[in-house]
Amino acid sequence: MSDQIRVRFAPSPTGRLHLGGARTAIYNWAFARTHGGTFILRIDDTDPERSTEENTQQILRSMEWLGLDWDEGPQKGGDFGPYFQTQRASHYQAALERLIEKGAAYPCFCTAEELEASRAAARERGDSFQGYQRTCRNMDPAEAQARIDAGEPHVWRLKVPEDHPAVVFEDAVHGTCRFEAKELDDMVLVRSDGTPTYNYATVVDDGEMGITHVIRGDDHLSNTPRQILVFEALGYKIPTFAHLSMILGSDGKKLSKRHGATSVEEYRDRGFLNDALVNYLALLGWSLDGETTIIHPDQIAQSFTLDRISKNPAVFDEEKLLWMDGEYMNSMSDQEFAQRILVPQLAEAGFIPPESYSQRAAWYDQLSNILKPRCRVMGDAAEKSRFLFDLVYDEPSVNKNLAKEGTRGYLRACYETLEVLGDDIWTAEDIDAALEEVPVKLGVPKKKVFQALRVAECGHQVSLPLGPSMELLGKRESLSRIELADPLAQD
RNA sequence: GUCCCCAUCGUCUAGCGGCCUAGGACGUCGCCCUUUCAAGGCGAAGAUCGCGGGUUCGAUUCCCGCUGGGGGCACCA
């Protein structure tokens, strides 16, 4: 029974995949995976004005990057295609014909102006119902046909049964939802240009694709009763609905561009890990047990249930995402971090050739080891290790730690101590051990000595640990950096 | 205007009538570690569970009203 589950994510290619959409996709995917169901990707491109091929590709790439693999859809195919609404015109047409035959749809010749006027009048009167007044509903069929034949523009509307009872459905996250039938007017199914409306196309597709659970944004909750009416008219099995609350910006308003980065690819480009983003987004409105926060995507794909989805809208908190991304980085092995993050980042920054890992694997692994706990996003890796490739003195750091009385003596003492170390024992432990004696001998606070040396070696008063950094730099380079800094120091 | 949805620390949340002197996580603030920055360890502050009525021996949990947010009401999705 559980293997019968079929869910879909149906984005409109009117823009990039944004965080809200991504979360919806994650929930659908995780739900399908957890229950051994089928995850379908469908492109709802019925809006020719705003839909673009580029956006479609963009969305597919974001889905792939997030690791949300789909079983049916673009690039995959499937038995229920096509998976682009623009290619499904014949299905909508056929469904409309069935409705007309059943007397469940009728043509309406009202113009947009007439409808607007009627709506305005209803508002004037203070009517509670301001929808379509069913002007054309009872038109003589012969007259209607004559006007159609004469080429008069018309739309097709759903003929909601006269005495339809209230529409009641059980939403998986909201519980029982009830809408009085009188609130629902005879919605437009097909526009005068022959294209289907969203609420119609969606139902035809969901019905024909055998969707069992519709997991989507809260903004569709009010559309649901309308859609149910269409499901009924078409004789499709009505799926279970699960409406997700919205993702808000820090000001409590719906998340939008003015809150900063909102698309998946922006986060990818800023160096976030896909798994961390999926983990974070999944937790924005869903919880495993209320205690666990780090849940790997493959674990989410094994334990996702609809009953643990929260009803409240959630504020997107980038700080927490940043923290989580750091957690994912820090939990990688040195080797994985080196190959997946460090080397690519250094190559991108132009410090090393792209294929240099194998030549100095141990060196990169070692660097990764001290880098990992200090990174929140990928870019930090190159930024925090650039001093190894390109020494740049930070003015404030030099002024505060190097351009001070006595520093020349500190550096020389360090130099002399390190110089005598054999090349074969140039390890962080040896370096640290040897250096330990310097401030003691000089009788000065170790902080003064080490911060001066740190700036000499790394160019900045904040850096990776000194010993390991010098080991990575090598004896020759480390010593020459001390000499190089000599002019900056003082007696 | 009307219909609908939502309401627990600054933020994400646990809670599905007594286990709650409301738990976890991010963030914040201390302390420890320490030659910097992180990471890690320990700890603290932070929520009269939006407000007011009920129901009940007992409400964060159930019901009603209010308030505050949000969404729909299109030949947009």
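Chain identifiers are assigned alphabetically (A, B, ...) following the order of the sequence lines, protein sequences preceding nucleic acid strands; residue numbering begins at 1 within each chain. Everything numeric here is computed off the predicted structure, so don't read it as measured data.
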Checklist entry - Looking at H174(A), does any N or O in its side chain come under 4.0 Å of the phosphate oxygens OP1/OP2 on C6(B)? => result yes

Item to check | NZ/NE/NH1/NH2 to OD/OE distance under 4.0 Å, R481(A) and E477(A) | outcome: yes

Checklist entry - Do R386(A) and D390(A) sit within salt-bridge range, that is, some charged N less than 4.0 Å from a carboxylate O? => result yes

Item to check | Interatomic distance at C1', C29(B) relative to G46(B), whole Å | outcome: 11 Å

Next on the checklist: In whole Å, measure the gap between the P atoms of A25(B) and G41(B) for me.
Outcome noted: 10 Å

Checklist entry - To the side chain of S463(A), which of G72(B), C75(B), U36(B) is closest? => result U36(B)

Checklist entry - On a whole-Å scale, what distance lies between the P atoms belonging to C42(B) and G50(B)? => result 32 Å

Checklist entry - Is the phosphate of C75(B), meaning OP1 or OP2, less than 4.0 Å from a side-chain N or O of R157(A)? => result yes

Next on the checklist: Of the options A38(B), U35(B), C73(B), whose atoms approach the side-chain atoms of F450(A) most closely?
Outcome noted: U35(B)

Checklist entry - For the side chain of P465(A), counting heavy atoms from C-beta on, which of C26(B), U36(B), A25(B) is nearest? => result U36(B)

Checklist outcome for this item: Quick note, E183(A) side chain, CB onward, closest among C37(B), A25(B), C3(B) is C3(B)

Next on the checklist: Suppose we screen for salt bridge (Lys or Arg N to Asp or Glu O under 4.0 Å). Which residues come up paired with R42(A), at least two apart in sequence or across chains?
Outcome noted: D44(A), D205(A), D206(A)

Checklist entry - From E471(A) CD over to S478(A) OG, what is the distance, rounded to the nearest 0.5 angstrom? => result 9.5 Å

Checklist entry - Can you list the residues that meet the side-chain hydrogen bond (donor to acceptor under 3.5 Å, both in side chains) rule with T86(A), with sequence neighbours excluded? => result D45(A)

Item to check | ring pair (Phe, Tyr, Trp, His ring centres under 6.0 Å) between F316(A) and Y280(A), intermediate numbers included | outcome: CA-CA 10 Å; F316(A) 181 77; Y280(A) 176 74; 5.5 Å; yes

Next on the checklist: Work out how far the C1' atom of U28(B) is from that of A45(B), and round it to whole angstrom.
Outcome noted: 9 Å

Checklist entry - Any luck finding a side-chain donor-acceptor pair between T292(A) and D289(A) under 3.5 Å? => result yes

Item to check | Watson-Crick or G-U counterpart of G30(B), or none if no pair lies under 3.5 Å | outcome: C42(B)

Checklist entry - If you check the S222(A) side chain, which of A38(B), G71(B), U13(B) turns out closest? => result G71(B)

Next on the checklist: Without decimals, in angstroms, what is the distance between I370(A) CD1 and A39(B) C1'?
Outcome noted: 13 Å

Item to check | Rounded C1' spacing from C20(B) to U8(B) in Å | outcome: 12 Å

Next on the checklist: When the P atoms of U21(B) and C63(B) are compared, how many Å lie between them, rounded to an integer?
Outcome noted: 23 Å

Checklist entry - How are the rings of H154(A) and W156(A) set to each other: parallel, tilted or perpendicular (split at 30° and 60°)? => result perpendicular

Next on the checklist: Using a 4.0 Å heavy-atom cut-off to protein, can you give one letter per nucleotide of nucleotides 15-20 of chain B, 5' to 3': B if the base is in contact, S if only the sugar-phosphate is, - if neither?
Outcome noted: S-----

Item to check | Counterpart base for C51(B), defined by Watson-Crick or G-U wobble contacts under 3.5 Å | outcome: G65(B)

Next on the checklist: Counting only side-chain heavy atoms from C-beta out, which of G24(B), G71(B), U35(B) sits nearest to D219(A)?
Outcome noted: G71(B)

Next on the checklist: Closest approach to the side chain of E327(A), judged atom by atom: which nucleotide of G23(B), G40(B), G71(B) is it?
Outcome noted: G40(B)

Checklist entry - Given the P atoms of U61(B) and C37(B), what is the spacing between them in whole Å? => result 47 Å

Checklist entry - What is the distance, rounded to the nearest whole Å, between atom CG of D251(A) and atom P of U11(B)? => result 12 Å

Checklist entry - Taking only side-chain nitrogens and oxygens of K311(A), does any of them come within less than 4.0 Å of OP1 or OP2 of C6(B)? => result yes

Checklist entry - Counting side-chain heavy atoms from C-beta on, which of A39(B), A25(B), U36(B) comes nearest to V462(A)? => result U36(B)

Next on the checklist: Side-chain N or O of K447(A) versus OP1/OP2 of U35(B): is the shortest distance under 4.0 Å?
Outcome noted: no

Checklist entry - Do K320(A) and A25(B) have a side chain to base donor-acceptor pair shorter than 3.5 Å? => result yes

Checklist entry - Below 4.0 angstrom, N of the basic side chain to O of the carboxylate: do D380(A) and R374(A) qualify? => result no

Next on the checklist: Which nucleotide wins on minimum distance to the side chain of D218(A), given the candidates G27(B), C75(B), C5(B)?
Outcome noted: C5(B)

Checklist entry - Taking the side chain of R454(A) as its heavy atoms from C-beta onward, which of C26(B), U36(B), G71(B) lies nearest to it? => result U36(B)

Checklist entry - Which whole number of Å gives the distance between the P atom of G17(B) and that of G54(B)? => result 22 Å

Next on the checklist: Check this one for me: any side-chain N or O of N312(A) less than 4.0 Å away from OP1 or OP2 of U8(B)?
Outcome noted: yes

Checklist entry - Taking atom C1' of G72(B) as reference, at what distance in whole Å does atom NE2 of H243(A) sit? => result 11 Å

